[in-house]
Every structure is written in C-alpha cells, then in structure tokens.
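These notes are about the structure you will find just below.
Values reported hereafter were calculated over all heavy atoms of this structure, with side chains retained and with hydrogens, waters and symmetry mates removed.
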Amino acid sequence: MEETDREAVATAVQRVAGMLQRPDQLDKVEQYRRREARKKASVEARLKAAIQSQLDGVRTGLSQLHNALNDVKDIQQSLIDVNKDWRQSINTIENLKDVKDAVVQHSQLAAAVENLKNIFSVPEIVRETHDLIERGELLQAHRKLMDLECSRDDLMYEQYRMDSKNTHDMNLIHTYFGDMQKLSEELAKQLWMVVQRSLVTVRRDPTLLVSVVRIIEREEKIDRRMLDRKKQTGFIPPGRPKKWKEKMFNILERTVSTRIEGTQADTRESDKMWLVRHLEIIRKYVLDDLLVAKTLLDQCFPPHYDIFNRLLNMYHQALATRMQELAAEDLEANEIVSLLSWVLNTYTSAEMMGNSELSPEVDVNLLDALISQNVVDQLLSKYMSTLTSNIIGWLRKALETDKKDWIKETEPEADQDGYYQTTLPAIVFQMFEQNLQVAAQINEDLKTKVLILCLQQMNSFLTRYKDEAQLYKEDHLKNRQYPQCYVQYMIAVINNCQTFKESIISLKRKYLKSDMEDTLSISHANMDATLDIIAKEGCSSLLDEVFMDLEPHLNELMTKKWLMGSNAVGTICVTVEDYFNDFAKIKKPYKKTMTLEAHRRVVVEYIRAIMLKRISFKNAEERKEGAERMIKEAEQFRFLFKKLAAGSGEDTEGLCDIIEAIAEVIKLTDPSLLYLEVSTLVSKYPDIRDDHIAALLTVRGDASRDMKQTIIETLDQGPSQPNPNYVPIFKEITVPTLTVPKLLK
C-alpha cells in the first residue's frame, strides 16, 4: 500500500507541475482543484458500482450452486427408487413371456388375414399380371406386382419377427410366391426394351416412356423404404434393392455404345472410304439423338434425373472409347487425317456439338478431348512417316510412268500455248496439293510440316529426274534412231523444269505463311539450281543432236571443196533452222538460252574449222575469195540467229563479228600490215593464244616462220586490256599440237 501511495503522490505532483508551469496559471488553482475533485468523485462512484455488481454475481452463483446440489440429491434418490422397483419387477416381466408370444402370433395372424385374399388369389393375380405385361399395360401390371410383393414381404417380415432363424417357413413363403419373381423379371425385360428404344419411343409414344419412368420411380421408393426398415429391423425381402434406376442408366449406356459401334457398315476391303462414311454416320446419329434428348426426352424424366446431361456424357464417353479403338488400328495415312480432322474439328463444330440448337446445355469449351494429346502426337508421327513413304512411292511411280512416255512413237502433248509437256508436273503437284488440303483440315502446323516434307522430297526427286534425263540421253546416243521422238520429249523435259519452278512458287504462296519463307529459302534455291541444271543439260543434249547432224557439213568448212563453192554453211543454216522449228516448243527462258548457245557453238565450230588448218591459201586471190566467203557466211549466221532470236531482245551481232575479224586478217593484201591487223584482233579478243595466231597465219599461207615468230613475240610483249563485257570464246578451241611449229614451243 505504501508503494502504491508513493506512486499516486508522484503522479499527482507531476500533474500539478504540468498545470502550473506559468505564473498566470496560479489564478486557476481553485478551478483545477474543483475539476480534480469531480474526477475523483466520478472514479470512486464507478469503482463502488463495479464492486457491488461483482458481489451480486457471487451471491447469485452461490444460490444456484446450492439449488443444484439439492437437485442432484433428489435425482440420486429417484434412481435408487427406480433401481429398487426394477429389481422387484424382473420376475413379473418373465411371467408375461407367454403374453408377448401371443401378441406376436396375433400380429402374424392379423397380417395373414389381411393378405388372405391375396394369398389365395396369387396364381390368378400372376396370370392377370402376365397378361397385362403381354398387352403392354405396364403400369397396371406393375400395380398388381406391387400388391403381390407387398403381401409376400409382410408375411416374411412377420415370420422374421417371430422366428428369424426359421428358414423353413421363410423358404415356404418364398416358394409360394416364386412366380412373382419371374413376373418381375419379365416386366423388367419389357422396361429395358422400352429404355433401349427410348429415343424412338419418345417420338412415337412418349406416354409409354413416361410409364416406364414412373414404374422405375416407384421401385426406387420401395427400395429406399426397405433399406430404411433393414437398418431398424435387419430384415430385407429377397430381390431388394432392385436398383432399377441404376440398371436403366446402365442399359442406356450400353445402348449408346452399341449405337456408336454399330454405325460401321463397311470395312477397308469393301470400301476405301469406310472410315469417312463411319464418322459421318456417327456425327449424324449423335447430333440427331442429342437434339431429340433435349427437346423431347428431357420432358419424360424427372428433373433430378438430369437425363440430357447424363446422355451427353454417355455419348461423349462412347465416342472417346470408339475413337481410341480406331486410333489403335493400323490406319492408312488418309484414314489418320480423317480421324484427326473429325476428332479435333468436326466434333466441336456447328455440324455437331457446336450446333446452335444444343446450346446453352452443350458448351464445346468444357468438353474433354476424345483422344489424348499423346495419342494425337503418335497419330501425327505415324501419318508423317506413312506420308513420307507414300510420297516417295508416288514420285517414283510418277517418274517411271513418265519415262515410259519418253519412248513412245507419238509426240508429247502441248499446253495451251503450244509448248511440249508431259503430265509429270501436274501429277506431282496435284498429289502435293491433295495432301496439303487434307493436312489443312487438321491444323496449320501439320499443313506446314506436310509442305516442308513435300518440298524436301521434291528436292530428292529432282535429283533422280536429272539422272534419268541423263540416262535417256545416253541411251539415245547408243542408237540415234531410238526413241523416235527423242527431241520432242527432251523438249518436254526442259519445259517441265519451268513448270516445276512455277508450281513450287504457287504452292509456297498458297500454303506457306510469309514468316516461314526463310526456313525454305535454301531448299527452294537448291531445287531451282537442280532444275536449271536439268534444263541446261537438256538443251545441251539437243544441241549435241543438232551438231551431230551438222558434223559432216562442219568438216567441209575451210577445205578445198568449201573454197570451190561448197554449200556447207547453207546446209548448216537450214538444218539449224529446221531443228529450231521443233525448239520453238521450248518455253521462253530456256529457248532464249538455247538460241544463244546454238549461235555460240556454230561460231566456235566455224573458228575451230579455221584453226584446224585444213586449207592454206596459195595466193592473194584465194585469200580474198576465202575471206569474202567467210564474211558472207558470217552474215548468213547473223541473219539466221537474228531470226531465231526474234523478240528475245538479245544482241546476236558480236559472235559473227569474230568470223569477220578473222576474215579481215586473211584478206589483208599487204604483209607489212599483218602485225597491225593481228594486234587489233588480239585486242578485241584477248583470250586468243599463240597457237591460234600461228594457225591463222598458216591458213593465210604467205607468212614465213620468222614473220610468225616476230608477230607472236611482239604481241606477247604488248599490254593487254580486255573488254570487261567480252565472253571468252577462243579458250574452247584447241589447235592440233602436231602442226604447231617448233618456234612456238
């Protein structure tokens, strides 16, 4: 208490010090004293009230405890009295056992009397019930069946109460009502038949389906009542619970599964489109059934059955099972696509589950996948593997078919512009197009993969195509009379290269997204390069064909016969023009290249004839005559190839200028100017070699060995400034080494 007093005094001092910090506050001392006195009085009043409240509570609690003690004592005394009375009445209860047995027997007899009419009329009721079932009056039949079951159950229950271990009497009752169980099974059979055909029945006779549902509901109530009595008494009649509602849903589930499985009318052996047909029938049946279930069936069942959603789940599960079975089969590539397209697209589309008439009950976003992503990936992998093998096989077969056309005795077909072609590009890209259209039915990713696969296989195919074209050429060279239409089919092969190029571009533009272009740029470049090689080799082989026919006439050039008036160049021009009438069937990019190459080769062969030194002019007259002939023939070549190159926009003048330049060297009459003329020739055509100059001087026939050596040595020392646009031509021409003078070595 002393410690408390000290703390109170200290607190009071601190409060007073806080109040009296300025001199003017001394005037308010009396005011402060009255305020503190009021606060003290208020606190003391609250304290007294709290203590009084606590005291009242304690007083009340003690009073209640005292009353409870008295009550406990009274109850204890009452229990003692009850126990005493119970012990005294044990003997009395045992003496009433006979009365108890009599009561039980009376109850059983009363039940027997109550059911006496039914008991004696059981055979008749059984017959009537059977007739009602036969006539399809199921509600009345079930009513009578319920009466029979009620009579049997009451008798068996009373027997159970009297003596639950007396199985003989129980079996006797069960046997007497034995036909009733058969009636129950017969009625159930009729019910299940209606349930199986519920989607048909609800359209023709919905009342019958409603009757079936009412019967099932009655049985469900009886089942619940019997199960409740079993909990209380331990007795349940035989055959209970029937669980007809559960059986009904099981029947519906089996019916749905059978309906889905039964839609497969064909096999792969009988119809290649068996799977497409099977899936389309499933789609139609499922959609029709669900629409009927929503609009009609739902009205025939109590709301708590939730029949539409139950059926929806059954159909979904049945479809999932069926799709998994189909996925596990050894499907072909087109069948895999049909299955995946149906599962991933058709199932959730407006043609099926996304149908507007099924909403809002059916939400496609909430439907589980019919097959797992793992199975989808496996099918796609198998599809790509199978498709790869198929494409390789198709391309090989297409090429073999095309090769057979190459040896035909009839010309190939021409397109609308008159260019020769074979069916190979159309067959190949039609096959690619079909597979891409099929892949697009599934998703964009698969379409891109198939496009990449097609172009990869196209790359390999073009290599084989190039090899076969080369073999075709080699076989022809063994016997130039066979095949009869070699030139025409080689033209078709060349044109096919352009068609392939255009088709590849078209395919990429149609099926490849722009952001994927870079991934195929290298592959595309490789294919273009291969096609250019095939076309170039084809053009080269055709020109070889031309020059093999020209060889006898080329051999006449720069000979005595030529100098005396041979028409070799005229024949060469006619022959080339005749071949180019066929070559007009070559498409422009390659025809243009071929015309330039033919022009070049003719000039090269003409210059090669000069360099072979078949003739050496004896005098100025012969040199003039030969040179003028060369200029005239150069003009013939120029006219020919200008005609052949008409519309190409290419300059064909320069090549024939070489022949004229050489003719000017030969025509020169003043030997002292020979060096100047030769140096002019070399400056124009810097790839001309010493042996070419020596051969040219030899053909002139008037240059001594010393002159040749002087001219060549002087030219070797001079600077060479080649024209950057000049395409070398002399490097292709070889001068026979046996005739090269020693001084040139």
Side-chain angles (χ1 to χ4, degrees), residues 272-280 282-284 286-287 315-316 319-356 358-359 362-392 394 428-458 503-521 523-524:
K272 290 293 183 183
M273 301 297 289
W274 69 275
L275 184 57
V276 174
R277 194 184 306 278
H278 180 39
L279 294 173
E280 176 57 21
I282 288 177
R283 184 200 67 77
K284 187 176 184 304
V286 171
L287 180 58
Y315 273 102
H316 183 79
L319 286 172
T321 301
R322 183 57 183 155
M323 295 306 113
Q324 289 165 7
E325 290 173 355
L326 291 172
E329 292 187 16
D330 187 17
L331 298 177
E332 296 178 354
N334 62 319
E335 294 169 350
I336 291 174
V337 169
S338 298
L339 179 63
L340 288 177
S341 176
W342 196 91
V343 167
L344 300 178
N345 300 324
T346 304
Y347 183 61
T348 55
S349 71
E351 296 178 351
M352 200 171 177
M353 292 302 188
N355 189 288
S356 58
L358 291 177
S359 62
V362 179
D363 186 350
V364 294
N365 297 318
L366 300 179
L367 293 174
D368 294 332
L370 291 177
I371 54 178
S372 67
Q373 186 59 43
N374 185 39
V375 175
V376 171
D377 292 341
Q378 290 176 1
L379 286 173
L380 288 176
S381 176
K382 181 179 178 182
Y383 171 73
M384 292 301 293
S385 176
T386 306
L387 183 62
T388 301
S389 301
N390 288 347
I391 288 177
I392 292 172
W394 291 331
V428 168
F429 281 91
Q430 183 181 11
M431 179 260 293
F432 286 168
E433 186 96 14
Q434 289 173 350
N435 282 285
L436 285 165
Q437 289 173 355
V438 167
Q441 296 174 11
I442 298 178
N443 54 45
E444 284 292 321
D445 184 51
L446 181 63
K447 184 183 74 174
T448 303
K449 287 182 179 178
V450 171
L451 177 59
I452 292 172
L453 171 64
C454 289
L455 295 180
Q456 287 173 343
Q457 294 305 320
M458 185 66 188
S503 299
I504 290 169
I505 293 171
S506 173
L507 205 66
K508 287 177 63 179
R509 185 182 297 119
K510 186 174 181 180
Y511 291 102
L512 188 66
K513 292 182 178 179
S514 56
D515 57 352
M516 295 291 291
E517 283 283 350
D518 292 341
T519 60
L520 293 176
S521 57
S523 176
H524 192 172

- More than 12 heavy atoms of other residues, nucleotides or ligands under 6.0 Å from NZ of Lys382: is that the case? yes
- Message: How long is the straight-line distance from CD1 of Ile282 back to CG of Leu319, given to the nearest 0.5 Å?
- Response: 6.5 Å
Pairs of donor and acceptor atoms involving the side chains of residues 331-340, under 3.5 Å and at least two apart or interchain, shall be tabulated with distances.
from: Glu335; atom 1: OE1; to: Arg268; atom 2: NE; distance (Å): 3.3
from: Glu335; atom 1: OE1; to: Arg268; atom 2: NH2; distance (Å): 2.7
from: Glu335; atom 1: OE1; to: Glu332; atom 2: N; distance (Å): 2.9
from: Glu335; atom 1: OE2; to: Arg268; atom 2: NE; distance (Å): 2.8
from: Glu335; atom 1: OE2; to: Trp274; atom 2: NE1; distance (Å): 2.8
from: Ser338; atom 1: OG; to: Asn334; atom 2: O; distance (Å): 3.0

- Does a side-chain heavy-atom distance below 4.5 Å link Trp342 with Leu275? no
- Item | Under-4.0 Å salt bridge between Glu280 and Arg277 | no
- Message: When you measure from the side chain of Ser385 to the backbone of Ser381, do you find a donor-acceptor pair of N or O atoms at a distance under 3.5 Å?
- Response: no
- Is Asp330 atom CG crowded by more than 12 heavy atoms from other residues, nucleotides or ligands, each under 6.0 Å away? no
- Residues in ring-ring contact (aromatic ring centres under 6.0 Å, His included) contact with Tyr511, at least two apart in sequence or another chain: none
- Item | Any Lys449 side-chain heavy atom under 4.5 Å of Ile452 side chain | no
- Message: Quick check for you: to the nearest 0.5 Å, what is the distance between Phe432 atom CZ and Leu507 atom CG?
- Response: 7.5 Å
- Are any non-hydrogen side-chain atoms of Thr346 and Glu351 less than 4.5 angstrom apart? yes
- Query: Can you find a pair of side-chain heavy atoms, one from Met458 and one from Val428, that are under 4.5 Å apart?
  - Reply: yes
- Query: Looking at side-chain heavy atoms only, is the closest gap between Ile371 and Gln324 below 4.5 Å?
  - Reply: yes
- Message: What I'd like to find out is whether the side chain of Asp445 reaches to under 4.5 Å of the side chain of Leu380, using heavy atoms alone.
- Response: no
- Task: Kindly indicate whether the side chain of Met352, heavy atoms from C-beta on, has any atom under 4.5 Å from the side chain of Leu358.
- Result: no
- Hey, are the side chains of Glu433 and Gln430 touching, using non-hydrogen atoms and a 4.5 Å cut-off? no
- Message: Restricting to ring-ring contact (aromatic ring centres under 6.0 Å, His included), what partner residues turn up for Tyr315, sequence neighbours left out?
- Response: none
- Item | Value rounded to 0.5 Å, distance of OG1 in Thr388 from CD in Gln457 | 6.0 Å
- Measure the CG-OG1 distance between Leu453 and Thr448 for me, rounded to the nearest 0.5 Å. 12.5 Å
- Roughly how far, to the nearest 0.5 Å, is the CD1 atom of Ile505 from the NZ atom of Lys510? 15.5 Å
- Query: Quick one: does His316's side chain have a donor or acceptor within less than 3.5 Å of a partner on Asp368's backbone?
  - Reply: yes
- Message: Please report the interatomic distance OG(Ser389) to CH2(Trp394), rounded to the nearest 0.5 Å.
- Response: 10.0 Å
